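Just so you know, residue 1 is the first one in the sequence shown, and it goes up from there. Worth saying up front: this structure is predicted, and the values here are computed from it rather than measured.
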Amino acid sequence: MTIQELEKLVQGQKVHQIRCGDHRFIDITIVSTEGRFFVRQYKFGKRSWYHAFLANSHGQMKLGDTIVDIDGVVPKDLETINPKVNKAYFKLLWILYPLMRLTYNRKQHEASTLELIPK
(Lines give C-alpha, C1' and ligand atoms only; values in the text may rest on other atoms or scores of the structure.)
Protein backbone atom coordinates (compact mmCIF):
# COMPACT_ATOMS: atom_id res chain seq x y z
CA MET A 1 0.00 0.00 0.00
CA THR A 2 1.35 3.45 -0.92
CA ILE A 3 1.73 6.41 1.42
CA GLN A 4 -0.92 8.26 -0.62
CA GLU A 5 -3.39 5.40 -0.13
CA LEU A 6 -2.68 5.36 3.60
CA GLU A 7 -3.17 9.14 3.77
CA LYS A 8 -6.58 8.76 2.13
CA LEU A 9 -7.58 6.18 4.72
CA VAL A 10 -6.35 8.36 7.60
CA GLN A 11 -8.05 11.48 6.26
CA GLY A 12 -11.29 9.60 5.60
CA GLN A 13 -12.19 9.21 9.27
CA LYS A 14 -11.59 10.81 12.67
CA VAL A 15 -11.14 7.68 14.79
CA HIS A 16 -8.53 5.06 14.03
CA GLN A 17 -6.85 2.38 16.11
CA ILE A 18 -3.30 1.49 17.13
CA ARG A 19 -1.66 -1.19 19.17
CA CYS A 20 1.84 -1.88 20.35
CA GLY A 21 3.09 -5.44 20.18
CA ASP A 22 0.40 -7.98 21.00
CA HIS A 23 -1.82 -5.62 23.03
CA ARG A 24 -5.38 -4.92 21.95
CA PHE A 25 -6.26 -2.15 19.51
CA ILE A 26 -7.29 1.13 21.11
CA ASP A 27 -9.15 4.06 19.55
CA ILE A 28 -7.07 7.12 18.72
CA THR A 29 -6.94 9.91 16.19
CA ILE A 30 -4.12 9.69 13.66
CA VAL A 31 -3.23 12.70 11.53
CA SER A 32 -1.05 12.98 8.47
CA THR A 33 1.16 15.78 7.25
CA GLU A 34 3.88 15.76 4.60
CA GLY A 35 3.30 12.05 3.97
CA ARG A 36 3.92 11.19 7.63
CA PHE A 37 1.55 9.92 10.33
CA PHE A 38 1.30 11.12 13.93
CA VAL A 39 -0.53 10.46 17.19
CA ARG A 40 -0.51 12.21 20.56
CA GLN A 41 -1.18 11.20 24.10
CA TYR A 42 -4.20 12.71 25.88
CA LYS A 43 -4.02 10.84 29.17
CA PHE A 44 -0.65 10.66 30.81
CA GLY A 45 -0.67 7.43 32.83
CA LYS A 46 2.55 5.47 33.28
CA ARG A 47 1.12 2.33 31.65
CA SER A 48 -0.08 3.94 28.43
CA TRP A 49 0.22 3.00 24.77
CA TYR A 50 2.76 5.85 24.48
CA HIS A 51 5.12 4.24 26.98
CA ALA A 52 4.59 0.84 25.36
CA PHE A 53 5.80 2.27 22.03
CA LEU A 54 8.80 3.90 23.72
CA ALA A 55 9.76 0.53 25.19
CA ASN A 56 9.14 -1.43 21.95
CA SER A 57 8.41 0.55 18.79
CA HIS A 58 6.78 -2.31 16.87
CA GLY A 59 3.02 -2.14 16.47
CA GLN A 60 0.13 -1.74 14.07
CA MET A 61 -2.37 0.88 13.02
CA LYS A 62 -5.87 -0.05 11.92
CA LEU A 63 -7.60 2.15 9.38
CA GLY A 64 -11.08 0.76 8.83
CA ASP A 65 -10.46 -2.88 7.81
CA THR A 66 -6.83 -2.23 6.84
CA ILE A 67 -4.08 -3.18 9.31
CA VAL A 68 -0.59 -1.79 8.72
CA ASP A 69 2.59 -2.76 10.58
CA ILE A 70 4.31 0.31 12.00
CA ASP A 71 7.08 1.58 14.19
CA GLY A 72 5.99 4.23 16.68
CA VAL A 73 8.89 6.60 17.39
CA VAL A 74 9.50 10.11 18.68
CA PRO A 75 10.19 12.23 15.58
CA LYS A 76 13.77 13.47 15.31
CA ASP A 77 12.41 16.82 14.12
CA LEU A 78 9.81 17.13 16.90
CA GLU A 79 10.11 20.90 17.34
CA THR A 80 9.82 21.53 13.61
CA ILE A 81 7.01 19.07 12.91
CA ASN A 82 4.81 19.89 15.94
CA PRO A 83 3.26 23.07 14.43
CA LYS A 84 2.37 21.06 11.31
CA VAL A 85 0.86 18.29 13.44
CA ASN A 86 -1.18 20.95 15.31
CA LYS A 87 -2.54 22.19 11.98
CA ALA A 88 -3.37 18.65 10.88
CA TYR A 89 -5.32 18.00 14.11
CA PHE A 90 -7.15 21.31 13.75
CA LYS A 91 -8.01 20.56 10.11
CA LEU A 92 -9.37 17.12 11.05
CA LEU A 93 -11.17 17.99 14.29
CA TRP A 94 -11.84 21.70 13.60
CA ILE A 95 -13.34 23.49 16.62
CA LEU A 96 -13.10 20.40 18.84
CA TYR A 97 -9.30 20.47 18.86
CA PRO A 98 -8.85 23.90 20.49
CA LEU A 99 -11.54 23.01 23.04
CA MET A 100 -9.85 19.70 23.85
CA ARG A 101 -6.51 21.45 24.32
CA LEU A 102 -8.00 23.63 27.06
CA THR A 103 -8.38 20.54 29.25
CA TYR A 104 -4.75 19.37 29.38
CA ASN A 105 -1.15 20.56 29.48
CA ARG A 106 -0.34 21.66 25.91
CA LYS A 107 3.44 21.30 26.27
CA GLN A 108 3.12 17.78 27.62
CA HIS A 109 0.57 16.94 24.91
CA GLU A 110 2.84 18.17 22.10
CA ALA A 111 5.90 16.52 23.65
CA SER A 112 4.07 13.18 23.44
CA THR A 113 3.87 13.30 19.63
CA LEU A 114 4.77 9.93 18.10
CA GLU A 115 5.38 9.28 14.45
CA LEU A 116 3.88 6.09 13.04
CA ILE A 117 6.19 4.80 10.33
CA PRO A 118 4.60 2.18 8.05
CA LYS A 119 6.80 -0.85 7.35
Side-chain angles (χ1 to χ4, degrees):
M1 180 167 280
T2 68
I3 294 296
Q4 292 79 15
E5 291 170 324
L6 287 174
E7 278 186 308
K8 255 187 184 175
L9 290 173
V10 166
Q11 294 169 354
Q13 52 195 17
K14 289 182 171 67
V15 179
H16 313 89
Q17 294 184 316
I18 60 169
R19 73 174 168 194
C20 184
D22 294 331
H23 295 277
R24 65 180 173 82
F25 279 105
I26 59 164
D27 290 344
I28 198 161
T29 299
I30 301 170
V31 295
S32 65
T33 186
E34 299 182 351
R36 297 165 66 186
F37 305 96
F38 300 92
V39 291
R40 285 184 173 159
Q41 193 174 16
Y42 295 93
K43 296 180 181 178
F44 298 97
K46 292 181 181 178
R47 292 178 33 102
S48 69
W49 59 265
Y50 177 81
H51 291 95
F53 272 108
L54 292 180
N56 176 3
S57 66
H58 305 298
Q60 295 178 314
M61 63 180 175
K62 187 174 181 184
L63 311 166
D65 294 329
T66 303
I67 296 175
V68 179
D69 291 332
I70 58 167
D71 280 327
V73 299
V74 176
K76 292 180 180 163
D77 60 343
L78 184 62
E79 287 187 30
T80 305
I81 200 67
N82 258 337
K84 296 171 186 176
V85 174
N86 288 342
K87 286 181 184 178
Y89 271 108
F90 184 77
K91 182 179 177 184
L92 180 67
L93 300 175
W94 195 60
I95 196 70
L96 289 176
Y97 190 60
L99 293 174
M100 289 167 52
R101 287 172 54 130
L102 292 174
T103 64
Y104 47 79
N105 180 319
R106 287 178 56 187
K107 285 185 180 187
Q108 188 178 17
H109 172 66
E110 290 179 6
S112 73
T113 302
L114 277 186
E115 183 172 0
L116 306 179
I117 302 170
K119 293 183 183 180

A.B. asks: Would the distance check show the side chain of H16 and the main-chain N or O of M61 forming a donor-acceptor pair, the cut-off being under 3.5 Å?
C.D. replies: no

A.B. asks: Report yes if some heavy atom in the side chain of V10 is under 4.5 Å from a heavy atom in the side chain of V31; otherwise report no.
C.D. replies: no

A.B. asks: For residues I117 and M1: do they belong to one hydrophobic cluster (side chain heavy atoms under 4.5 Å, members Ile, Leu, Val, Met, Phe, Trp, Tyr)?
C.D. replies: no

A.B. asks: Roughly how far apart are I18 CD1 and I67 CD1, rounded to 0.5 Å?
C.D. replies: 13.5 Å

A.B. asks: Starting at CZ of F53, measure out to SG of C20 and round the result to the nearest 0.5 Å.
C.D. replies: 4.5 Å

A.B. asks: What are the two closest heavy atoms between A88 and S32, and how far apart are they?
C.D. replies: CB-O, 3.7 Å

A.B. asks: Test side-chain contact (heavy atoms from CB on, under 4.5 Å) on L63 and I30; report intermediate values, then the result.
C.D. replies: CA-CA 9 Å; L63 311 166; I30 301 170; 4.1 Å; yes

A.B. asks: Looking at every heavy atom in both I28 and W49, which two are closest together, and how far apart are they?
C.D. replies: CD1-CZ2, 3.3 Å

A.B. asks: Identify the two heavy atoms, one from S57 and one from V73, that lie closest to each other, and give their separation to 0.1 Å.
C.D. replies: CB-CG1, 4.1 Å

A.B. asks: Provide the closest heavy-atom pair for L116 versus G72 in the form atom of the first, atom of the second, distance.
C.D. replies: CD2-CA, 4.1 Å

A.B. asks: At what distance, to the nearest 0.5 angstrom, does CZ of R36 lie from CD1 of I81?
C.D. replies: 4.5 Å

A.B. asks: Within this structure, what is the CG-CD distance for the pair L6 and Q4, rounded to the nearest 0.5 Å?
C.D. replies: 9.0 Å

A.B. asks: Are Q11 and K91 close enough, and set up right, to give a side-chain contact (heavy atoms from CB on, under 4.5 Å), and what steps lead you there?
C.D. replies: CA-CA 10 Å; Q11 294 169 354; K91 182 179 177 184; 5.6 Å; no

A.B. asks: R24 vs I26, test: side-chain contact (heavy atoms from CB on, under 4.5 Å). Steps then yes/no.
C.D. replies: CA-CA 6 Å; R24 65 180 173 82; I26 59 164; 3.2 Å; yes

A.B. asks: Would you say I3 and V39 are hydrophobically clustered, going by side-chain heavy atoms of ILVMFWY under 4.5 Å?
C.D. replies: yes

A.B. asks: Could you check whether any side-chain N or O of Y50 sits under 3.5 Å from a backbone N or O of L114, counting only pairs where one atom can act as donor and the other as acceptor?
C.D. replies: no

A.B. asks: Please indicate whether K119 has more than 12 foreign heavy atoms, meaning atoms of other residues, nucleotides or ligands, lying under 6.0 Å from its NZ.
C.D. replies: yes

A.B. asks: Do we see a donor-acceptor contact under 3.5 Å between the side chains of T113 and R40?
C.D. replies: yes

A.B. asks: Does any N or O in the side chain of T33 come within less than 3.5 Å of the main-chain N or O of V85, such that one atom is a donor and the other an acceptor?
C.D. replies: no

A.B. asks: In Å, rounded to the nearest 0.5 Å, how long is the span from CG of L92 to NZ of K14?
C.D. replies: 5.5 Å

A.B. asks: Pairing donors with acceptors under 3.5 angstrom, does anything connect the side chains of H58 and D71?
C.D. replies: yes

A.B. asks: Enter the distance from N82:CG to K87:NZ here, rounded to the nearest 0.5 Å.
C.D. replies: 12.5 Å

A.B. asks: Should K84 and D77 count as an ion pair when the cut-off is N to O under 4.0 Å?
C.D. replies: no

A.B. asks: Is there side-chain contact between K62 and R19, with heavy atoms separated by less than 4.5 Å?
C.D. replies: no

A.B. asks: For residues F25 and Q60, report the shortest heavy-atom separation together with the two atoms involved.
C.D. replies: CZ-OE1, 3.7 Å

A.B. asks: Please find the pair of heavy atoms, one from F38 and one from Y89, that lie closest to each other, and give the distance.
C.D. replies: O-OH, 3.9 Å

